[in-house]
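Written out below as structure tokens is the structure these notes cover.
The figures here come from the full heavy-atom set of this structure, side chains too, leaving out hydrogens, waters and symmetry mates. Note that ligands are numbered from 1 as they come in the structure, with each ligand's atoms numbered from 1 the same way. For the single chain, residues carry numbers from 1 onward in sequence order.
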Amino acid sequence: MIKTILLVDDSPVAIKILKRCLPAEYEFESHVANNGAEGFEMYKKMKPDLTFLDLTMPVMDGIETLEEIIRFDKDALVVVVTADAQKKVYDKVMALGAFMMLSKPPSRDVVKAAILKAGLAKEKLGV
Ligand SMILES: [Mg+2]
């Protein structure tokens with residue numbers, strides 16, 4: 001089950017949209033980080049079940065943040081959320097160990113599907 005969620009994005013509007021997309025029928029503990037460096041620090045502290053990660057951010061961008069998170073926790077479930085959803089970006093983030101990639105702005109259905117899929121992946125990992 002996905003219970004703790006980390007949202008990493010420098011845009012307050014994007015955070016607001018993501019929060020609104022979290023399925024209301026589950027109770028999540030969600031935390032927000034405003035850039036990649038903050039996101040990675042928070043990841044280490046809270047070890048979230050699932051992380052939604054923007055790519056274009058100040059201080060530390062999403063690519064570097066993804067690398068740091070995966071280096072720290074190889075089983076991390078990171079969903080990259082980006083407006084730049086090109087195939088080459090997809091290939092890169094998946095090669096770095098992202099769980100999946102969503103286009104911005106995400107819809108409720110897509111976010112819910114991602115959370116359910118992540119829940120199954122976690123069960124498989126037995127963590
Ligand atoms: Mg951004």
Side chain to side chain contact (heavy atoms under 4.5 Å, CB included) partner of Leu53, the single match among Leu7, Ile63, Val8
Val8
Examine Met57 and Val89 and state if one hydrophobic cluster contains both, with Ile, Leu, Val, Met, Phe, Trp and Tyr joined whenever side-chain heavy atoms are less than 4.5 Å apart.
yes
Which residues pass the side-chain contact (heavy atoms from CB on, under 4.5 Å) test with Ser103, not counting sequence neighbours?
Ala85
Side chains of Ile115 and Pro23 in contact at under 4.5 Å (non-hydrogen atoms):
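Yes, their side chains come closer than 4.5 Å.
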Can you confirm whether Phe99 sits close enough to Val78 that some side-chain heavy atom of one is under 4.5 Å from a side-chain heavy atom of the other?
no
Taking Arg108 for the side chain and Arg20 for the main chain, is one N or O donor matched with an acceptor at less than 3.5 Å?
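The answer is yes, because a donor-acceptor pair under 3.5 Å joins these two groups.
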In the protein, how many N/O/S atoms are under 2.8 Å from the Mg ion (ligand 1)?
3
